[in-house]
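A quick note: this is a predicted structure, and the numbers were derived from the prediction, not measured. Along the sequence shown, the residues carry numbers beginning at 1.
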Amino acid sequence: MADTILFPRPEGLYCPLGDFYIDPVRPVERALITHAHADHARAGHRHVLASQQTLEIMAIRYGEDFTTHRQVAEGEIEIGDISVSFHPAGHILGSCQIRLIPKIGPRIIVSGDYTRTPNDICPPFTPLECEIFITEATFGIPVFRHPDPVEEIRKVIASMEEFPDRPHLIGGYALGKSQRLIRLLRQAGYDAPIGMHGALKRLTDYHIEQGVDLGELVHVDGVSGPRLCLAPPSAFSTPWVHRFRDPVIGYASGWMGVRARARQRRVELPLVISDHCDWPQLIQTIDDVSPEEVWITHGSEAGLLRWCELTQRPARPLRLVGYEEEDQ
């Protein structure tokens with residue numbers, strides 16, 4: 001029965017009862033979007049249903065004409081022969097899980113990208129009862145166990161004390177991660193001005209407009225300014241970084257727990273700070289939701305499939321492509 005309610009197509013997950021796709025990777029007539037990261041939210045769909053913040057962020061990134069028709073997801077919405085609703089995912093500002101309730105058949109939760117780690121810039125993930133739970137598995141093997149992000153961010157402050165004459169440049173993607181890093185720095189007691197690469201400005205301004213307190217932020221020209229600056233990772237491969245004399249390069253990502261990745265990026269200060277679940281959080285979430293079946297969309301599918309098999313939970317991979325952790 002579930003296979004007739006939601007199934008993969010080249011465009012993405014398709015629901016024939018409502019004739020819509022969830023986070024489609026190609027332009028479609030009707031799209032439901034979990035969150036505004038570019039691998040999940042693309043321009044060109046005719047109708048888009050998403051949270052207010054996701055729609056506004058998409059307009060910032062793609063222009064006001066990113067879709068012909070947009071609708072804010074509020075409450076239960078009937079689309080054809082299925083009811084849909086949006087619920088917090090804890091990933092970034094505006095991120096949501098999408099619950100599908102058909103008139104006949106199992107309740108399905110499409111969780112999108114999510115985390116259980118507290119995140120000041122968005123509401124926490126809300127576990128929802130369902131028969132089918134669709135989860136990502138970005139860090140879906142037991143080796144991934146993320147440390148406390150507050151303790152990780154204190155490494156930045158400690159490094160600045162150790163190297164007071166070197167500017168610190170921290171990489172984090174433009175939507176969600178950079179703003180979260182600023183909030184973590186403020187939580188850790190860092191109240192000095194923080195510099196920002198120009199590519200971060202508009203999305204950071206939007207977070208401030210939404211009531212996220214980020215303290216004093218200043219533009220970075222690379223010659224003078226604050227000792228601590230944030231930039232998208234792509235900036236480190238451009239002439240922009242050469243304006244700084246002997247900088248300490250940091251990068252915040254769950255992947256910084258893999259030493260080879262840190263070396264590959266020539267990162268001196270790796271920060272294991274992720275907006276995705278680590279292994280314990282993934283299995284805790286499945287326990288909390290307690291679905292009859294688990295579907296896995298992308299990431300380390302094999303590890304999570306094996307755990308489901310060992311714990312006698314029915315599971316299967318959807319083998320969707322095109323969803324990777326955003327780097328910009």
**ILVMFWY cluster, Leu184 and Met196 together (side-chain gap under 4.5 Å)** =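 Cluster IDs for Leu184 and Met196 match.
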Sidechain-backbone polar pair: [X] side chain, [Y] backbone, donor-acceptor under 3.5 Å:
X	Y	value
Glu268	Val248	no
His91	Asp275	yes
His45	Val28	yes
Arg42	Asp39	yes
Ser178	Gly172	yes
Thr115	Gly90	no
Arg183	Asp213	yes
Arg313	Val294	no
Arg61	Leu175	no
Lys177	Gly171	no

Any idea which heavy atoms bring [X] and [Y] closest together, and the distance?
X	Y	value
Cys308	Ala315	CB-CB, 3.6 Å
Ser83	Glu78	CB-OE2, 3.4 Å
Phe86	Ala73	CD1-CB, 3.3 Å

Less than 4.0 angstrom from a charged side-chain N to a carboxylate O is my criterion; do [X] and [Y] meet it?
X	Y	value
Arg202	Glu209	yes
Arg166	Asp246	yes
Arg186	Asp120	no
Arg26	Glu11	no
Lys155	Glu162	no

Under a plain distance cut-off of 3.5 Å, with no hydrogens placed, do [Y] and [X] share a side-chain donor-acceptor pair?
X	Y	value
Gln179	Thr204	yes
Tyr14	Asp19	yes
Gln97	Tyr114	no
Gln53	Ser51	no

Could you tell me whether the side chain of [Y] reaches within less than 4.5 Å of the side chain of [X], counting heavy atoms only?
X	Y	answer
Trp307	Trp279	yes
Pro24	Ile33	yes
Thr34	Ile22	yes
Met58	Thr67	no
Thr285	Phe133	yes
Met256	His146	no
Arg243	Pro167	no
Gln281	Thr117	yes

**Request:** Could you walk me through whether Arg70 and Glu64 pass salt bridge (Lys or Arg N to Asp or Glu O under 4.0 Å), step by step?
**Result:** CA-CA 10 Å; Arg70 68 182 81 172; Glu64 290 292 339; 3.2 Å; yes
**Message:** Please determine whether the number of non-hydrogen atoms from other residues, nucleotides or ligands lying under 6.0 Å from atom CG of Leu310 exceeds 12.
**Reply:** yes
**Item:** Crowding at CD, Glu129 (>12 non-hydrogen neighbours, <6.0 Å)
**Value:**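 No, not enclosed.
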**Message:** Can you list everything that forms a ring-ring contact (aromatic ring centres under 6.0 Å, His included) with Tyr62? Sequence neighbours excluded, please.
**Reply:** none
**Message:** My understanding is that a hydrophobic cluster links ILVMFWY residues whose side chain heavy atoms are under 4.5 Å apart, including indirect links. Using that, what else belongs to the cluster containing Ile101?
**Reply:**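 So far as hydrophobic clustering goes, Ile101 is joined with none.
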**Item:** Stepwise side chain to side chain contact (heavy atoms under 4.5 Å, CB included) check, His298 with Asp113
**Value:** CA-CA 10 Å; His298 60 282; Asp113 288 341; 3.5 Å; yes
**Request:** Quickly, which of Ile82, Val84, Val110 forms a side chain to side chain contact (heavy atoms under 4.5 Å, CB included) with Cys15? Name it, please.
**Result:**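 Per the side chain to side chain contact (heavy atoms under 4.5 Å, CB included) rule, the option paired with Cys15 is Ile82, out of Ile82, Val84, Val110.
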**Prompt:** Under the side chain to side chain contact (heavy atoms under 4.5 Å, CB included) criterion, do Arg266 and Ile249 qualify, and how do the steps go?
**Reply:** CA-CA 8 Å; Arg266 299 179 181 178; Ile249 301 296; over 6 Å; no
**Asked** Centroid-to-centroid, Tyr173 to His37, below 6.0 Å?
**Response** yes
**Parallel, tilted or perpendicular: rings of Phe144 and Phe139 (30°, 60°)** = perpendicular
**Asked** Do the ring planes of Phe163 and His168 sit parallel (below 30°), tilted (30 to 60°) or perpendicular (above 60°)?
**Response** tilted
**Request:** Begin from the C-alpha positions of Leu304 and Thr135 and carry the test side chain to side chain contact (heavy atoms under 4.5 Å, CB included) through to its verdict.
**Result:** CA-CA 10 Å; Leu304 199 53; Thr135 180; 3.8 Å; yes
**Asked** Stepwise, does the side chain to side chain contact (heavy atoms under 4.5 Å, CB included) test hold for Leu6 with Ile132?
**Response** CA-CA 10 Å; Leu6 193 67; Ile132 308 292; over 6 Å; no
**Request:** Sort out for me which residue in Glu131, Glu292, Glu293 forms a salt bridge (charged side-chain N to carboxylate O under 4.0 Å, His left out) with Arg107.
**Result:**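 Of the listed options, the one satisfying the test is Glu131.
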